[in-house]
Amino acid sequence: RREIAIRSALGSGRGRLVRQFFAESLLVATLAGLAGLVVAHLGVRFLLSISPEAVARAPEVGIDARLLLFAGLVTVLTALLFGLVPALRGSRVDLTSDLREGSRGMAGGKKSTRVRAALVATQVALALVLLIGAGILIKSFAALQGQDYGFDSSDLLTFEVHLPDARYEDPVLRVDFHQRFHEKLRSLPGVEFVAATSWLPAAGPYHDWGFRYETEDGAQDGEGAQMRIIEGDYFETMGIPLRAGRTFNAGDGEDSPPVMVISETAAEIAFPGRDAIGQQFFSAGADRTVIGLVPDVAFDARGSRKSKIYIPHTEYGDDRNWALVQVVKTSAGLGILPQIRRELDAIDPELVIYRARTMEDVLGRHMESEKFALTLMGIFSGVALLLAAIGVYGILSYSVSQRTREFGIRMALGATTGAVRRRVLAQGAILAGLGLLTGLLGAFWLSKLLQSMVFGVSVTDPAIFALVTVILALVALAAGYVPAHRATQVTPMQALREE
């Protein structure tokens, strides 16, 4: 204000003063915009490198003309809003008052002080909202990793072998291939069980065909269910126990009566209070007899359960050329692939092994979206936390620099360093407290938007809300301590020299 008053006294008009300060703001905003583009480019590359499968069309993601235009507009708007508006306000001067009192370091009017305080409180509030969101996602991800999917994913190797229609048009040839291939794989050292399925468990919904059944009173009813076509020792391979009845055997073929194994949920829906074994319902184009009952198995990475029906490939192989996923129970892991390839070549040297992975890797890949959301939220909340700390530090540092004379006089009149420090920290505590209170209310309302993204945790978990609030309060306290300590270093002589 003193500089503006001197320039005005020397003849600078208000328009020239506004242009000067706007130019300074535009320069700062432009430099920040360019730095932001560099950080954005590196950040996008980093995020895509850690979670490529969580982003659709990931290779096409990057900085383009539209993003450059957006960044340019944000830069100009930032300069206009946070540069031009203060410049207009600051260019209104009272020469007599500002020249006489400017050297005392007036901190501006009450309105300016309130605006600065409101901005810092908003930073704290936004940081709290993002940190609470990150905390909820972290707890959800931990619960997701420790859940029970209903099968044993350890020591499972998965891969695909696609049979070309031209040479495997006959369903008998397709069934024969899988049976011969599985027989060879069972003979390999370290292999316990071998099977194949039309879709792996916990890999997402697939073939929700459903079934129709007759209720106890003779009425017809229906229910949706996940359908799986399986071959070989599927339940033994996946570690899914048999609750009742039997699994499929060599007698379940194209010429035998249609059969199926169902999950417990399907049995409870269709046959409540009754023995499901031997019952019939219509599914996959035929009336089928239930021969076995197994527990429910997760159909997605979140552990969601639904009715599931298993049909033998030997019976249903004529429906289409099923792209079955092979599953091998072996402690050798991916190291057994060369031997598997040799056995495949012995049957058909033109076939190849595709997408060989362990089951643990399959589960991990299907949690990429959760990991990606967690990473993004963590980065954003970290940046918000840093901005909140800078905001508290900045406004308290500015306040201390403007009150050098006041603190010097207070200490000259007997005020202790502790009293001065507490006075500055109290100012920071008020700012942080307002931000925390607003942030808690905002987080409680906005956390409901995370409901569809979390697993096994409440979006209003009081422990997370309390922990994040304490952490942010401590960060704000630490940010305010440096200016508070600096205020205690002011001596009366320094205060007089400021005059």
Side-chain angles (χ1 to χ4, degrees), residues 150-151 171-172 174-176 178-179 182 193 195-300 304-325 327:
F151 65 93
V172 175
R174 297 195 292 266
V175 171
D176 180 67
H178 287 290
Q179 291 181 340
H182 289 183
F193 299 105
T197 177
S198 57
W199 197 252
L200 289 171
Y206 188 71
H207 283 161
D208 195 357
W209 291 353
F211 57 89
R212 295 200 305 272
Y213 61 93
E214 186 176 290
T215 62
E216 284 189 287
D217 57 7
Q220 294 292 319
D221 204 346
E223 182 71 21
Q226 292 283 298
M227 191 73 61
R228 298 293 182 266
I229 310 303
I230 63 174
E231 177 71 67
D233 307 318
Y234 179 75
F235 300 106
E236 294 85 352
T237 304
M238 302 302 298
I240 303 173
L242 182 67
R243 298 295 194 211
R246 66 174 179 87
T247 58
F248 306 123
N249 56 36
D252 300 315
E254 186 178 4
D255 299 327
S256 62
V259 295
M260 59 186 169
V261 173
I262 65 175
S263 68
E264 291 176 325
T265 296
E268 291 170 2
I269 292 173
F271 317 112
R274 293 183 287 168
D275 184 6
I277 305 302
Q279 302 284 353
Q280 284 191 335
F281 52 60
F282 184 87
S283 184
D287 288 316
R288 302 180 178 278
T289 302
V290 178
I291 63 169
L293 184 66
V294 295
D296 292 296
V297 173
F299 68 83
D300 63 16
S304 305
R305 261 62 164 188
K306 192 176 184 179
S307 298
K308 190 167 288 187
I309 297 174
Y310 302 91
I311 297 177
H313 180 250
T314 52
E315 174 194 304
Y316 206 59
D318 61 344
D319 179 74
R320 70 192 67 181
N321 184 0
W322 292 95
L324 298 182
V325 181
V327 188

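Model, not experiment: these values are computed from the prediction.
- Using a 4.5 Å heavy-atom cutoff, the side chains of Arg288 and Ile311 are in contact.
- Remark: Thr215 OG1 to Gln220 CD distance equals 7.5 Å, nearest 0.5 Å.
- In terms of heavy atoms, Pro258 sits closest to Ala286 at CG-CB, 4.1 Å.
- Atom OH of Tyr316 sits about 6.0 Å away from atom CD1 of Ile229, to the nearest 0.5 Å.
- Within the structure, the side chain to side chain donor-acceptor pair (under 3.5 Å) test picks out the following pairs touching residues 271-285 (sequence neighbours left out): Gln280-Thr289.
- Phe299 contributes atom CZ, which lies 11.0 Å from atom OG of Ser263 (distance to the nearest 0.5 angstrom).
- Looking only at side-chain heavy atoms (C-beta outward), Trp209 and Ile309 stay at 4.5 Å or farther from each other.
- Side-chain contact check for Lys306 versus Asp208: some heavy-atom pair is nearer than 4.5 Å.
- Note: Trp199 and Tyr206 have parallel aromatic rings, judged against thresholds of 30 and 60 degrees for the angle between ring planes.
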Is there a side-chain contact (heavy atoms from CB on, under 4.5 Å) between Val294 and Leu242 once you walk through the steps?
-> CA-CA 5 Å; Val294 295; Leu242 182 67; 4.0 Å; yes
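- A donor-acceptor contact shorter than 3.5 Å is absent between the side chain of Glu223 and the backbone of Ala270.
- Applying the side chain to side chain donor-acceptor pair (under 3.5 Å) test to every pair with at least one member in residues 232-241, sequence neighbours left out, gives these pairs: Arg186-Asp233.
- Every salt bridge (Lys or Arg N to Asp or Glu O under 4.0 Å) that Arg243 has, sequence neighbours left out, goes to Glu264.
- Using a 4.5 Å heavy-atom threshold, the side chains of Ile269 and Tyr213 count as touching.
- Taking each heavy atom of Gly224 and Ser307 in turn, the nearest pair found is O-CB, 3.8 Å.
- Rounding to the nearest 0.5 Å places CG of Asp300 at 9.0 Å from CD of Gln226.
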Go through the steps to decide whether Ile230 and Ser198 satisfy the test side-chain contact (heavy atoms from CB on, under 4.5 Å), and finish with yes or no.
-> CA-CA 6 Å; Ile230 63 174; Ser198 57; over 6 Å; no
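- The stretch residues 245-256 participates, sequence neighbours left out, in these side chain to side chain donor-acceptor pair (under 3.5 Å) pairs: Arg246-Asp252.
- Residues in residues 276-298 take part in these ring pair (Phe, Tyr, Trp, His ring centres under 6.0 Å) pairs, two or more places apart or across chains: Phe211-Phe281, Phe271-Phe281.
- Taking the side chain as every heavy atom from C-beta outward, Phe193 and Val327 never approach each other to under 4.5 Å.
- With sequence neighbours left out, the ring pair (Phe, Tyr, Trp, His ring centres under 6.0 Å) criterion links His178 to His313.
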Evaluate the criterion side-chain contact (heavy atoms from CB on, under 4.5 Å) for residue pair Ile262 and Leu293; output intermediate values, then yes/no.
-> CA-CA 5 Å; Ile262 65 175; Leu293 184 66; 4.0 Å; yes
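- Distance check, rounded to the nearest 0.5 Å: CZ of Arg228 to NZ of Lys308 gives 4.5 Å.
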